[in-house]
Amino acid sequence: MPLETAIRGDATRRAYVNARLIDPSQDLDTTGGVIIADGRIVLCGPKVTAKSAGNGTRVTDCKSKLLFPGLLDMRTFTGEPGNEYRETLATASEAAAAGGVTTMIVMPNTDPVIDDVAIVDFILRRTRDTAVVRVAPMAAITKGLKGQAITEFGMLQEAGAVAVTDGNQAVSNAQLFRRALSYANDFGLLVVQHIEEPSLATGVMNEGEVATRLGLPGVPAAAEVIMLERDLRLVELTGARYHAAQISCAASLNVIRNAKQRGLPVSCGVSVNHLVLNENDIGAYRTFFKMSPPLRSEDDRSALIQGLNDGSIDVIVSSHDPQSADTKRLPFAEAEFGAIGLETMFSAALSVHHAGDIALPRLISAMTTRPAELLGLEVGRLAPGAPADFVIADPDKSWTVEDTKLRSRAKNSPFEHRTLEGRVLETVVAGRTVYAYD
Amino acid sequence: MTATQSRPKTIINGQHLLAIDHLSPDEISALLDLGDHYVELNRQIEKKQSTLRGRTHINLFFEASTRSQSSFELAGKRLGADVMNMSVKGSSVAKGETLVDTAMTLNAMHPDILVVRHGASGAAELLAQKVGCAVVNAGDGQHEHPTQALLDALTIRRRLGKLQGLNVAICGDILHSRVARSNLLLLQKMGAYVRLVAPSTLLPADASRLGADVYRDMASGLDGADVVMMLRLQLERMDGRYVPSSREYYRFYGLDAQKLALARPDALVMHPGPMNRGVEIDSEVADGVQSVIREQVEMGVAIRMAVLDALARNLPGGGIA
């Protein structure tokens, strides 16, 4: 199923040559290029050069910079519909384009909730009219996100929902979640769960010494592990495909590893924030670092990087969650959870590579090929026939995150004022340049 | 040849009819044969028989039912029994009397046949242990509804000439359906191939171990079927706990002309009633040429006469041993 965007394919035949070409779907990491036409990849590989491109082809020299598939962010919150003052599909898509994200999977936590085919239609129509990257929604698991009744998975899937999730809420009723898994399995739909036992996760940051010193109520890692272990029992019972939206601690990682060893149809994600930041970054009650699941300890952070390296963690998400002054400029305990991340996702993730902890193809795979596989989408790769969605980036160029320059309507970035190494130079969707660095 | 003439033979072994599970293929065939006889009788002007003259037949219905109760009542009356209907409303049951106490009270009135419907699985079995008369299970919870399976079998056999080797798709709320369980057992005993077609949320645990093929979509479940048996989906199960909505259920599991076209061209369409039109079945199909739904109602009276007749033969003074 082709994904919607306002960008229409360009008939002009173009070649991008002399790049360090990385496509995890083809195990490619080589000097080469791509030829595109009509919004799709025509050719990709080391044999694509300025000479081989042929007459009538417009050639761009990438000057040995990186060229890889556009990123697919499996977890983007926007404010459309309902809270457009925080973020619209259009503004989120601008931020995405600047961050090298060419496909955003938007969460159903909107007003009204994406729990009905009419709202899926609305999202897709607004995407066609306003978004410069591709957008597809995940639909709610339960009507109104109330955790009481399952939504019309079959009809929502036909309308264009790519998975089901209650977004930033867990489905805590085990009976209902079991039935949701069973029913989703009949349609081959991926069920994405926010793993947090709500009755235990009443705090505002990681439980431990730092929280105690700050005098803030904590969320124990057990709140995450309990929900994950419960869910895996239900996955075993139903055979459904299950994805833990974000894991944040070493204990969860062990549970995931064990489940994968047993052959359960399980996958998981991690937010880029949890790979780069830890609870100490909260410092003096900085609410932009308040997120759910909370930033954990340094030990947890390094375990997560290890998990990403060995394939236990499948995807990296931005977990982009726009909040404004009315929800963030508050005492820490009263502020909302969430941080924006579309624009900084690639650069922040790259810092893990620069620290020597992970190879570039593996890092890119977790933001392209792997999430596309999980959702059954044709994006996230550069193979001939695939959509011409890709990114040209300079991995060494440093830049400073300034809130005034962020394209997102909300400015709650935990990387504000930080200098990051690695910059998206150009983002291409359906063969058209939707972002160029200047 | 027929059982009503001269000395009636024993055709089933038990004192009660509690479950298809207890019947042998020969007993089922004999009941269907007797059912055929009563179909012919019911089509005559003079329908009244004296087979059960002097017998007392009590309908004890703990769940509301119009068609089953009237079907049993008519069956008893046509066979000449004195029929009494006991409904729950206004009875001592509403005042808190237990099932067994009610049964013991009725038993003291010396009924010959007690027809019981109850919302709890095993209720008919419990009653049968406590009373001296014959007990007919008219539906117990999610367990069995043997006369429904018998009338469905009679309908199929009269239309298609056999049960052996047929592919029968039972579709819908298998999880909560006693009709599905009884039909599955009967059809398998008679050599038919049964398929269960439902969303996973409406399938019981280990459904695939019941000897039937299990399908989660109508397209593969109905492919080449000789009989398509639809089940009623209770309205309260379409609110998102089992199935998200009636429109989604209709879209994926409701029988319409398009889905029916996947079955054999002459496939029978059946429904135990009452139907939810536009939920599990489309009106075009329910009223179409392949539908035998109204015929099932006719077979219902005949098969219940056969059952009452057969059980009466096993009562003291009821025929040859």
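Proteins come first, then strands; the chains are lettered A, B, ... in the order of their sequence lines, and each starts at number 1. Any value given below was found using the heavy atoms of this structure, including those in side chains, with hydrogens, waters and symmetry copies removed.
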Self-check item: Sub-6.0 Å ring centroid separation between Tyr242(B) and Tyr183(A)
Solution: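 Judged by ring-centre distance (under 6.0 Å), Tyr242(B) and Tyr183(A) do not meet the cut-off.
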Quiz item: Side chains of Gln193(A) and His243(A): closer than 4.5 Å at any heavy-atom pair?
Solution: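 No, side chains not in contact.
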Does any backbone or side-chain atom of [X] lie under 4.5 Å from a heavy atom of chain A? Answer side chain, backbone, both or neither.
{"X": "Tyr249(B)", "value": "neither"}
{"X": "Arg241(B)", "value": "both"}
{"X": "Tyr215(B)", "value": "neither"}

Quiz item: Which residues pass the side-chain contact (heavy atoms from CB on, under 4.5 Å) test with Thr369(A), sequence neighbours left out?
Solution: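 Thr369(A): side-chain contact (heavy atoms from CB on, under 4.5 Å) contacts with Asp23(A), Pro24(A), Ser25(A), Ser365(A), Glu373(A).
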Quiz item: For Glu158(A), is it the side chain, the backbone, both or neither that has a heavy atom under 4.5 Å from a heavy atom of chain B?
Solution: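 For Glu158(A), the contact with chain B is made by the side chain alone.
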Do any side-chain atoms of residues 111-125 of chain A form donor-acceptor pairs under 3.5 angstrom with protein atoms, and if so which ones, sequence neighbours left out?
| unit_1 | atom_1 | unit_2 | atom_2 | d |
| --- | --- | --- | --- | --- |
| Asp115(A) | OD2 | Gly144(A) | N | 2.8 |
| Asp116(A) | OD1 | Ala118(A) | N | 2.9 |
| Asp116(A) | OD2 | Arg247(B) | NH2 | 3.4 |

